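Small disclaimer: the values here were computed from a predicted structure and weren't measured. Naming: A, B, ... by sequence-line order, numbering from 1 per chain.
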Protein chains: 2
Amino acid sequence: MTMTDVATRAGVSAQTVSRVLRQPELVGDEVSRRVREAILELQYVPNFAASQMASNRSGIVAAIIPTISASIFADTVQALSDVFVPEGYQLLLGNNEYDLEKEEELVRSFLGRGPDGLVLSSTHHTEATRALILGAKIPVVETWDWEETYLDLMVGHSNVKAARVVMDHFVSRGYRRIVFAGVTNAGDFRAKARLTGYRAAVKALELDRERVLTLTGKPLSMASGAETMNRVFAEFPDADAVFFSSDVFAAGALLHCVRLGVSVPGDIAIAGFGDFDFSAHLVPSLTTVSVHAGDIGRTAANLLLARMRGEAVASSRIDVGFELVPRESS
Amino acid sequence: MTMTDVATRAGVSAQTVSRVLRQPELVGDEVSRRVREAILELQYVPNFAASQMASNRSGIVAAIIPTISASIFADTVQALSDVFVPEGYQLLLGNNEYDLEKEEELVRSFLGRGPDGLVLSSTHHTEATRALILGAKIPVVETWDWEETYLDLMVGHSNVKAARVVMDHFVSRGYRRIVFAGVTNAGDFRAKARLTGYRAAVKALELDRERVLTLTGKPLSMASGAETMNRVFAEFPDADAVFFSSDVFAAGALLHCVRLGVSVPGDIAIAGFGDFDFSAHLVPSLTTVSVHAGDIGRTAANLLLARMRGEAVASSRIDVGFELVPRESS
DNA sequence: TTGTACGCGTTATCAA
DNA sequence: TTGATAACGCGTACAA
């Protein structure tokens, strides 16, 4: 079923059918009615590929996140979808598994689809990725980071500062022998930024010394958190607090302590990152940093939308901030 | 940059460039080298819309899930991506928010893109949706359900049976005054199937009587679980066990009990559904049903892939099963 | 092994 | 307010 079939059925030209669908105000009432009828009768479905060929607009927004499953990024994707779908855009989704080479492959493949906009979930890319995107001349928003240089638009927050706020909190409650425990997957620059923030805080606050426990190749799971807690006990027996790079690890560690009968925060304080749903409900409840994953998605989508429409944007860089959520675990 | 630009640069015809990209074995070594060089120099990115027009293949797989954020469906999407992306397909994602009308809109919009395959996450659709899909004549796989009638392919498990298995487990441990607590959003047919399984079990096992607590309009959150637990105490003070329709509710309820000092399973037993990461780590650990979200995605993707390639499939309906995971909470 | 002609379904442009 | 025509970039079919 093509537009021509509908046109024949309605006794008009294909161009008129196109107008009914895209600029109905330019078409007469009677003709418009006949066309709509024909569309329904023939179950006509517009061919977007042809539309894209002719108009050079795809109606697609492509988004790349580090990982889809069990992640806070799913909330961002949900928000992207919530904004873009009502505006008539479709969402092409990919995950780079924290691997910049994979991201490059994805970007290359997505650009072939001629997306009207692109959402990336970090400011770290290969040079080739950067070149590809700049060559495509489409609006891009980089999210979940906060850097001085970015391609086009940026929405996120500073992980370095967030880590500092957690450290300030620990110190204000009297903890000074603080461990940082997190993953250091090559591509997880946010976790690295938190580690940077931790290190800076140890110096600035004149804490005892750095105590860093980095996991490599461990999945983001509560089991990894429990395992890490055991390593904290073994390697830093004098520690009085642990800052985990994710609530998932922190919760695994906290529940492990509960099971062992280790008092939190009596024997050791714990803080996480992300403010997952479970964090408020744990007993003891988990101190963490809330990061507004949905806000990042919504803000990024609206900013991108403005760019895609050629509207001026007040600021090309928006800090959605974060919030320390002090709870019982510290 | 078009294929013709690359051809001119390499001193060949556009068709040869196309061959280098799609059937390199048919092209001579020297010509092939020149073409590849030109592609790199010009930063050529193939136009998939044009490719789709000419070949009638889009390289797109469209997937619709109930909700993206904080859900077990994200694991299914991850698995879909893991299978399809290496095969050269791109993933178009949408969420229907458990609303069949929204699903219809999404299907209509996705079909305009000419996807080579479609993944749905239930067997419940409007009649118009069904007609649209059948009219499109593309492979479809319906997931997360188990029904006698389906459109083309089906991958899932029986929620009715899963509920029965939980009930059998409760009874085998001596519980007989069992509450079912779950959401009844209009479009959540899986939760409804679990309720059906519960009701059938109450009859078959000759239990005391039905005790059903249905939440409407509550988000899938631990807070809702805690709230529900209070309602159980108020409305069914004699209950000795609660079967929640999701681990999220169950965990919220369990942690609420821990906080109140209500012994689980001493005072009341709890079981959930889904085997989320946190379920094994809670203290007490949560009895649940493991449902293999990743398996559903992988299996569905491979089945759809076979259909898309025109290969014969051994079975058009695959039961990935489920597993009772008895833990400390019951 | 390489090249030519044609058509896919739509929209932009211009004319009526 | 409506229609005719050309063009988008590529793959298929066929020819050389």
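Toward the 5' end of DNA chain C, the nearer of the two residues B:Ala14 and A:Leu21, judged by each one's closest nucleotide, is B:Ala14. For the pair B:Ala50 and B:Gly11, nearest-nucleotide mapping onto DNA chain C gives the more 5' position to B:Gly11.
Put simply, B:Tyr44 has no side-chain N or O that comes within less than 4.0 Å of OP1 or OP2 on D:dG9. Residue B:Arg22 places none of its side-chain N or O atoms closer than 4.0 Å to OP1 or OP2 of D:dC10. Between A:Thr16 and the phosphate of D:dT2, there is no side-chain N or O to OP1/OP2 separation shorter than 4.0 Å. Between A:Ser18 and C:dT11 there is a side-chain N or O to OP1 or OP2 distance below 4.0 Å. Taking side-chain N and O atoms only, B:Ser13 has a distance below 4.0 Å to OP1 or OP2 of C:dG3.
Going from atom CE of A:Met3 over to atom P of D:dG3 covers 13 Å, rounded to whole Å. Note: CD (B:Gln52) to P (D:dG11) measures 12 Å, nearest angstrom. Atom-to-atom, CD of A:Gln23 to P of D:dT2 comes out at 13 Å; the value is rounded to the nearest Å. Between the CG atom of A:Leu26 and the C1' atom of D:dG3 there is a distance of 14 Å, rounded to whole Å. Atom CZ in A:Arg34 sits roughly 15 Å away from atom P in D:dT1 (whole-Å rounding). Atom pair B:Met1:CE and D:dC10:P shows a separation of 12 Å (rounding to whole Å applied). In this structure, CG of A:Asn56 is placed 16 Å from C1' of C:dT13, rounded to the nearest angstrom. Atom CE in B:Met53 sits roughly 9 Å away from atom C1' in D:dC8 (whole-Å rounding).
Of the candidate nucleotides C:dT11, D:dT2, D:dC10, D:dT2 has the atom nearest to the side chain of A:Val27. Comparing D:dG11, D:dG3, C:dC8 against the side chain of A:Gln15 picks out D:dG3 as the nearest. Looking at the side chain of B:Ser55, the nearest of the listed nucleotides C:dT10, D:dG9, D:dG11 is D:dG11.
Residue B:Arg19 places a side-chain atom within donor-acceptor reach of the base of C:dG3, judged by atom type and a 3.5 Å distance cut-off alone.
A donor and an acceptor atom, one from each side chain of A:Thr2 and A:Tyr44, are nowhere located under 3.5 Å apart. In this model, no donor atom of one side chain and acceptor atom of the other lie less than 3.5 Å apart for B:His125 and B:Glu104. Side chains of B:Asp82 and B:Gln78: a donor-acceptor N/O pair is present below 3.5 angstrom, by distance only. Side chains of A:Asn95 and B:Ser81: a donor on one and an acceptor on the other come within 3.5 Å.
With respect to the salt-bridge test (charged N to carboxylate O, under 4.0 angstrom), the residues B:Glu148 and B:Arg317 qualify.
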